[in-house]
Amino acid sequence: AGTWLVTDLLPGPGHGALLDVVGLPGGAVFPGDDGVNGTELWFSDGTPAGTTLLRDIAAGPASSSPGSFAAINGRVWFSADDGFSGAEPWTTDGTSAGTSMLADLRPGSGSSRSGYFTALGNAVLFAADDGTLGTELWRADAQGVALVRDIAVGNFGSDPREFRATSTRIYFVATIGLVTRIWSSDGSTAGTSPIGGAAYTAVRELAVNGDVLWFAGTDPVHGEEPW
């Protein structure tokens, strides 16, 4: 027990660029900069000898800038840029061999800006922009990666955000034109829709307690209040 410096990742007074630390069995994954490889993916078991560069995703001194970390079902999901495919979704089990890009959702050097990785059963739901539809809701599971629903039809993107999960569904905020609503999804196209029974005009700060969703909502009569 106690508190100790694990390692001086960037020797001297410089910063090792730890922005997110996500636990995995046996240790933690984080973005770090050793001054040689740029900001890349690292793993540590809490000891100096067990702290290593997991993978130099953008080879050489360039940075892949891994971010949007989420630990789900024994793996870490994140976004990273390998220097060729743009910032795309990646996943790792904490080993170099088990670290790979999930898919190049926006083919070429453009970035899908994937994020909000959230578990739903054996699947992972997240937001991404494929360069055609704008930022929409996507799903990854053992069968592959697929669009769940083009919520804002066309190339506008509904910008799904603030993902919160219950045991059977996820809730999130999405915008169509000037209208922002809370949506719910069971991971299928048919099972993805806005929630009803609420006349709010703005929403933020979603929170889940069991199977109950709470949020800060605004209506013309009451202003912003708890819902």
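Heavy atoms only: backbone and side chains are in, while hydrogens, waters and symmetry mates are out. This structure is a prediction, so every number in the text was calculated from the model and none was measured.
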dist Asn37:CG -> Leu53:CG (nearest 0.5 Å) comes out at 5.0 Å
message: Do Thr118 and Arg164 pair up side chain to side chain, a donor and an acceptor below 3.5 Å, judged on atom types alone?
response: no
Inspect the contact between Arg106 and Asp130 and indicate whether a charged nitrogen and a carboxylate oxygen are less than 4.0 angstrom apart. no
Quick one about Thr189 and Arg149 (side-chain donor to acceptor, distance below 3.5 Å, no hydrogens or angles considered), yes or no? no
**Asked** Between Glu136 and Ser158, is a side-chain hydrogen bond (donor to acceptor under 3.5 Å, both in side chains) present by the stated rule, with each step listed?
**Response** CA-CA 6 Å; Glu136 291 292 355; Ser158 65; 2.7 Å; yes
task: Hey, can you tell me if Phe30 and Trp42 have their rings parallel, tilted or perpendicular (30° and 60° cut-offs)?
output: parallel
In this structure, CG of Leu102 is separated from OG of Ser79 (nearest 0.5 Å) by 11.0 Å
Any donor-acceptor pair under 3.5 Å linking the side-chain atoms of Arg55 with those of Thr99? no
Distance alone, cut at 3.5 Å: any donor-acceptor contact between the side chains of Ser65 and Ser63? no
Between Leu147 and Trp138, the two heavy atoms sitting closest are N-CE3, 3.4 Å
* May I ask you to decide if Arg204's main-chain N or O and Glu162's side chain share a donor-acceptor pair within less than 3.5 Å? => no
Rounding to 0.5 Å, atoms CG (Leu213) and CD1 (Ile170) come to a distance of 11.5 Å
message: Do Glu88 and Asp81 make a side-chain contact, defined as non-hydrogen atoms from C-beta onward lying under 4.5 Å apart?
response: no
dist Leu41:CG -> Phe69:CZ (nearest 0.5 Å) comes out at 5.5 Å
- Under 3.5 Å, is there a donor-acceptor pair between the side chain of Ser185 and the main chain of Gly187? yes
- Between Phe126 and Phe117, how do the two ring planes meet: parallel, tilted or perpendicular, split at 30° and 60°? tilted
Does any part of the side chain of Val212, heavy atoms only, come nearer than 4.5 Å to the side chain of Trp214, both counted from C-beta? yes
